[in-house]
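Predicted model only: the values in this text are computed from it and were never measured. So you know, we letter chains A, B, ... as the sequences are listed, proteins then strands, and number each from 1.
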Amino acid sequence: MIHVFNTMTRTKELFKTIQPGIVNMYVCGPTVYNYIHIGNARSAIAFDTIRRYFEYSDYQVNYVSNFTDVDDKIIKAAHEAGITEQALTTKFEQAFNDDTAPLNIKPATVRPLATEHISEIITFVDDLIAKGYAYEADGDVYFRARKFPDYGHLAHQNIDDLEVGASERLDDGELARKEDPVDFAVWKGADPEVAITWDSPWGPGRPGWHIECSVMAIKYLGNTIDIHGGGQDLAFPHHTNEIAQSEAHTGKTFANYWLHNGFVTVGDDNEKMSKSLGNFVTVHDLLQTVNPQALRLMMATTHYRRPLAYTQTAITEATQIVKRLQTAYTNVAFRLKQADTMTTIDEAIDTQVAQFKSAFMQAMDDDFNVANAMTVINDFATALNVYAKADHVSAVSGEQALAEFADQVMVIGVDVKPSGRATDDNSWIEAQVAARDAAKKAKDYAQADAIRAELKAQGIVLEDTAQGTRWKKE
RNA sequence: GAUGGUAUAGCCAAGUGGUAAGGCAUGGGUCUGCAACACCCUGAUCGUCGGUUCGAAUCCGAUUACCAUCUCCA
């Protein structure tokens, strides 16, 4: 029984899918005019973790997330770089994939592009005009926000309390074309200097910002979707406007649950990190120095609705935890390779594993409470470490425990399985380890320690166990 | 002006009425030829003030600080 916090109602609600066993979710993706920053990554990681937990819970997840590849910022950035809009967006779409893959963010089931849905967008806008929800004004098309009942409910904004221009981003010319300042563009007439335009019943132009998500969400997931997600700052205006135009178009509830992730803050004053403030850190740069698994863990283990402070301390700590989880896995895996394992099952460890699974699900069922889930994972790791030193272990039960452990940690997005490349030639290391064992047996500790020190200098760490010496690369 | 969020040990953080989970770091111990790995032990009365209650970190009121949203930022 999963409960999720719904921004629309501001309460945790029992999660029920429209179709049994299937979760249809749409997560607003980035506008591709730059490398993604860690705020974009946080959002992607938050919803990837949610997706992975649904899958862990045996749901089939249809995860649709877009690239917004036509937008004023793209036009501006392309112009400055002296390349076409498409060259720019193609580059950063690829960069998004390159940056998210090391973070174990699963590719979306469908990754639609705004520019590939222009005809659907035009049809959609046309329908809004026909229904009286939108109007043309000098080549632009605007949505009559006041005509939509309960406009602003998602962000809990009263339309009459909106302070016009509070964000200081309003365009005067646009303001003059609107019937009402709260109206928003669903289609923008072409600017003379902008090459990227499409023909439409209202003349050449391009889609407004919000319309593409409505069109693509409905196209790929239906009139009513289970979950719609994105960053907190999208609640208003982006999602607010998506709701207005989508529900005006279909007459149906657009999404049953609205989930919003909190911001990443940076610096001593915990200021919000954002592109417009210019204080952002790109994942592209970060991955040069930071272990992607640690970054993933740090972001995934802060509850998705809480603000997340990006600090070096947090990264360092996350690195420790990743190491601990991988070590626990490796310790048991090494133990299970030994010949003296039992062939029968080990009920004691089986029972423990079942309890960990149950406790893990109980934590995650509560609006994806990763902090509590981590206490379970931590207990699980301890239990594995203890098991690795048991006198007798069961191969069957041990493998099952490892599989369950890896599955749980993978929900958080961390892979605990060793990633050693099969092509590596470790024969020299193996020979050194064997030589040291021989020296130890002969009680020639000076020689044994010398070998160990030499390997250490090469980044190879030795660990003695009752079942022999194992080694790993730092 | 309107609407939200956050405040718990050195740091991160759970907890929504019954005598404060967990992690990191610190210190101590066990294991080891020594080490490494691992395991065990070790810490806070919950921003401030007042109220309700047999009992509050948890409810109510006030207050302080920080952060955010209010038409193209995840």
Take atom [atom1] in [N] and the same atom in [M], then report the distance between them in whole Å.
{"N": "B:rC60", "M": "B:rU53", "atom1": "P", "answer": "16 Å"}
{"N": "B:rU30", "M": "B:rA13", "atom1": "C1'", "answer": "29 Å"}
{"N": "B:rG29", "M": "B:rA68", "atom1": "P", "answer": "47 Å"}
{"N": "B:rG22", "M": "B:rG15", "atom1": "C1'", "answer": "12 Å"}
{"N": "B:rA14", "M": "B:rC59", "atom1": "P", "answer": "16 Å"}
{"N": "B:rA2", "M": "B:rG43", "atom1": "C1'", "answer": "44 Å"}
{"N": "B:rG5", "M": "B:rA62", "atom1": "P", "answer": "16 Å"}
{"N": "B:rA56", "M": "B:rG50", "atom1": "P", "answer": "14 Å"}

- Do A:R324 and A:T319 meet the criterion of a side-chain donor-acceptor pair at a distance under 3.5 Å? no
- Message: Could you check whether A:T469 and A:D437, counting side-chain N and O atoms only, form a donor-acceptor pair closer than 3.5 Å?
- Response: yes
NA contact type, [X], heavy-atom cut-off 4.0 Å: base, sugar-phosphate, or nothing?
{"X": "A:T382", "value": "sugar-phosphate"}
{"X": "A:R452", "value": "base"}
{"X": "A:N241", "value": "base"}
{"X": "A:N385", "value": "sugar-phosphate"}
{"X": "A:N378", "value": "sugar-phosphate"}
{"X": "A:K440", "value": "base"}
{"X": "A:G262", "value": "base"}
{"X": "A:D72", "value": "base"}
{"X": "A:R436", "value": "base"}

Who does [N] pair with, Watson-Crick or G-U, both distances under 3.5 Å?
{"N": "B:rA25", "value": "none"}
{"N": "B:rU3", "value": "B:rA68"}
{"N": "B:rA38", "value": "B:rU30"}
{"N": "B:rA20", "value": "none"}
{"N": "B:rG50", "value": "B:rC60"}

Which nucleotide, [options], lies nearest any side-chain atom of [X]?
{"X": "A:E463", "options": "B:rC11, B:rA36, B:rC73", "answer": "B:rA36"}
{"X": "A:P237", "options": "B:rU71, B:rC73, B:rG33", "answer": "B:rU71"}
{"X": "A:N372", "options": "B:rA21, B:rC37, B:rA25", "answer": "B:rA21"}
{"X": "A:Y445", "options": "B:rG33, B:rC24, B:rU71", "answer": "B:rG33"}
{"X": "A:A371", "options": "B:rA14, B:rA74, B:rC37", "answer": "B:rA14"}
{"X": "A:P307", "options": "B:rG5, B:rA68, B:rC24", "answer": "B:rG5"}
{"X": "A:R10", "options": "B:rA36, B:rG4, B:rA21", "answer": "B:rG4"}
{"X": "A:N331", "options": "B:rU69, B:rA74, B:rA38", "answer": "B:rA38"}

Please determine whether a side-chain nitrogen of the Lys or Arg among [X] and [Y] lies less than 4.0 Å from a carboxylate oxygen of the Asp or Glu.
{"X": "A:R305", "Y": "A:D367", "result": "yes"}
{"X": "A:R206", "Y": "A:D72", "result": "yes"}
{"X": "A:R436", "Y": "A:D464", "result": "yes"}
{"X": "A:D449", "Y": "A:R452", "result": "yes"}
{"X": "A:R296", "Y": "A:D48", "result": "yes"}
{"X": "A:D366", "Y": "A:K12", "result": "yes"}

[N] base to [X] side chain: any donor-acceptor pair below 3.5 Å?
{"X": "A:K389", "N": "B:rC39", "answer": "no"}
{"X": "A:Y151", "N": "B:rU71", "answer": "yes"}
{"X": "A:E317", "N": "B:rG23", "answer": "yes"}

side-chain N/O [X] vs [N] OP1/OP2, d < 4.0 Å:
{"X": "A:R324", "N": "B:rG23", "value": "no"}
{"X": "A:Q232", "N": "B:rG4", "value": "no"}
{"X": "A:N369", "N": "B:rG15", "value": "yes"}

Rounded to the nearest Å, what distance is computed from the [atom1] atom of residue [X] to the [atom2] atom of nucleotide [N]?
{"X": "A:H239", "N": "B:rU3", "atom1": "NE2", "atom2": "P", "result": "23 Å"}
{"X": "A:Q362", "N": "B:rA14", "atom1": "CD", "atom2": "C1'", "result": "13 Å"}
{"X": "A:K472", "N": "B:rC37", "atom1": "NZ", "atom2": "C1'", "result": "7 Å"}
{"X": "A:I74", "N": "B:rC73", "atom1": "CD1", "atom2": "C1'", "result": "13 Å"}
{"X": "A:H156", "N": "B:rA68", "atom1": "NE2", "atom2": "C1'", "result": "15 Å"}
{"X": "A:N261", "N": "B:rG4", "atom1": "CG", "atom2": "P", "result": "20 Å"}
{"X": "A:D449", "N": "B:rA35", "atom1": "CG", "atom2": "C1'", "result": "8 Å"}
{"X": "A:H238", "N": "B:rU71", "atom1": "NE2", "atom2": "P", "result": "15 Å"}

- Query: Starting at the 5' end of RNA chain B, which residue's closest nucleotide do you reach first, A:A381 or A:D71?
  - Reply: A:A381
- Closest-nucleotide ordering on RNA chain B, the 5'-leading residue of A:K323 and A:F236: A:K323
- Task: Output, in order, the C-alpha distance, side-chain angles, deciding distance and verdict of side chain to side chain donor-acceptor pair (under 3.5 Å) for A:H239 and A:H260.
- Result: CA-CA 10 Å; A:H239 289 159; A:H260 291 98; 2.8 Å; yes
